[in-house]
Amino acid sequence: MNIKFDYNGKNVIVTGSAKGIGKEIAMAYAKAGAQVVVADVCEKEGRQTVEEIRVKGGTADFVRTDVTEEQSVIKLVDEALRLLGRIDIMVNNAGVVGRIKGDPLTALDTADWDRSYQINLRGVFYCCKAIYPIFVNQGFGNILTTASVAGKTGAPEIIEYSAIKAGVINFTQTLSRELGSKNINVNCICPGFVYTPLYEAAAPTYKEKYPQMFKNAKDGKGVVDEFSRQLCALKRAQTPADVANAALFLTSGEAGNITGQALNICGGCEFR
Ligand SMILES: NC(=O)c1ccc[n+]([C@@H]2O[C@H](COP(=O)([O-])OP(=O)(O)OC[C@H]3O[C@@H](n4cnc5c(N)ncnc54)[C@H](O)[C@@H]3O)[C@@H](O)[C@H]2O)c1
């Protein structure tokens with residue numbers, strides 16, 4: 001992260017920050033001076049993120065959180081308030097891509113749909129609902145959600161993920177209208193192709209279902225590179241740092257008049 005943002009004195013919760021993009025976002029806020037609460041269902045890796053932040057001189061705590069459970073999210077916000085005294089920014093990044101079913105639609109089952117919905121959209125709802133009264137009472141706050149370019153373009157092999165991420169974008173925009181008059185900004189980031197553990201898990205299925213497209217892809221990184229080469233104007237993958245840069249910009253004072261936006265960090269694979 002090379003852009004210099006000053007987050008000294010700011011307190012941030014980042015969900016899904018044990019790994020991948022969320023971890024990079026948490027580390028970027030901490031590097032910029034914020035106190036960070038790392039919230040994730042994975043305790044070991046979440047504590048590892050906290051350790052890495054502290055080793056670099058930052059301030060962080062871990063709160064085990066499952067965004068599919070409302071009580072767990074309420075406990076997260078309570079615990080963050082106890083630890084930090086005030087919360088300025090809530091980054092709702094936790095998400096899963098789930099099983100890559102390939103097409104057709106008939107290969108999708110109810111369990112795939114429900115799991116994606118519970119984590120990717122209902123989890124965002126729980127987080128926003130829990131932080132809502134805190135931000136309204138203090139008269140300021142910043143909410144960031146994470147959708148995907150799949151929520152704009154649609155990807156048939158992950159149709160439930162695409163539809164549910166579209167829901168995240170609409171939820172973000174609608175909430176921004178509700179909270180704008182209360183001095184609370186609500187924006188969304190839409191990554192394109194970023195190599196993270198998410199893709200490591202998905203790579204074998206992509207290779208199996210689409211052998212021609214991924215014949216040169218050896219692993220998760222190969223799948224991301226192939227997608228990027230074929231679909232992005234810039235012909236290269238995006239990085240967790242690219243997404244973290246966008247997050248820090250959107251929740252900064254410099255973006256104070258930006259709300260209800262869904263910003264693509266996708267190397268030009270989607271233009272809406
Ligand atoms: N990697 C990409 O290319 C890409 C593209 C578009 C959108 N996204 C979105 O970005 C976000 C981060 O993705 P990533 O690639 O870093 O994924 P990842 O799998 O590497 O990390 C996701 C994190 O979320 C956590 N998590 C999962 N379920 C949870 C739950 N119920 N409660 C709390 N935490 C939970 C995981 O433990 C993990 O730490 C997701 O919302 C994803 O949909 C990623």
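A quick note: this is a predicted structure, and the numbers were derived from the prediction, not measured. One-based numbering, in listed order, for ligands and for the atoms of each.
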Closest approach of any protein heavy atom to [atom], naming residue and atom:
atom                    : result
atom 31 (N) of ligand 1 : Asp66 OD1, 2.9 Å
atom 13 (O) of ligand 1 : Leu198 CD1, 3.8 Å
atom 24 (O) of ligand 1 : Gly16 CA, 3.4 Å
atom 5 (C) of ligand 1  : Gly192 O, 3.3 Å
atom 29 (C) of ligand 1 : Val41 CG1, 3.8 Å
atom 20 (O) of ligand 1 : Pro197 CD, 3.3 Å

Exercise. Once you round to the nearest 0.5 Å, how far does CD1 of Ile13 lie from CG of Leu76?
Worked result: 4.5 Å
Exercise. Roughly how far, to the nearest 0.5 Å, is the CZ atom of Phe135 from the SG atom of Cys128?
Worked result: 9.0 Å
Exercise. Do the non-hydrogen side-chain atoms of Arg82 and Asp61 ever get within less than 4.5 Å of each other?
Worked result: no
Exercise. Does some side-chain heavy atom of Leu121 sit less than 4.5 Å from a side-chain heavy atom of Phe125?
Worked result: no
Within ligand 1, which atoms have a heavy atom of [X] less than 4.0 Å away?
X      : value
Tyr161 : 6 (C), 7 (C), 8 (N), 9 (C), 42 (C), 43 (O)
Cys42  : 37 (O)
Phe193 : 3 (O)
Thr65  : 32 (N), 33 (C)

Does any donor atom in the side chain of [X] or [Y] lie under 3.5 Å from an acceptor atom in the other side chain?
X      : Y      : result
Ser116 : Asn120 : yes
Gln35  : Asn11  : yes
Tyr7   : Thr251 : yes
Thr172 : Thr145 : yes
Thr239 : Asp242 : yes

For this session: Have a look at ligand 1 and work out which part of Glu45, if any, has a heavy atom under 4.0 Å from it: side chain, backbone, both or neither.
Result: neither
Problem set entry | Closest heavy-atom pair and its distance - Lys101, Pro156 | NZ-O, 3.0 Å
Check whether any N or O atom of [X], backbone or side chain, sits under 3.5 Å from an N or O atom of ligand 1, and answer yes or no.
X      : result
Gly22  : no
Val149 : no
Thr196 : yes
Lys165 : yes

Whether [X] lies under 4.0 Å from ligand 1, heavy atom:
X      : answer
Thr146 : yes
Asn93  : yes
Ala147 : yes
Ser72  : no

Which option wins on minimum heavy-atom distance to [atom]: [options]?
atom                    : options                      : value
atom 38 (C) of ligand 1 : Val124, Asp40, Val224, Val67 : Asp40
atom 22 (C) of ligand 1 : Gly20, Gly95, Ser17          : Gly95
atom 44 (C) of ligand 1 : Ile21, Val194, Val96         : Ile21

Exercise. Should the ring pair Phe227 and Phe193 be called parallel, tilted or perpendicular, given that the plane angle runs from 0 to 90° and is split at 30 and 60?
Worked result: parallel
For this session: Could you tell me how the ring of Tyr206 sits relative to the ring of Tyr210: parallel (under 30°), tilted (30 to 60°) or perpendicular (over 60°)?
Result: tilted
Exercise. Pick from Glu45, Glu51, Glu43: which one makes a side-chain hydrogen bond (donor to acceptor under 3.5 Å, both in side chains) with Arg47?
Worked result: Glu43
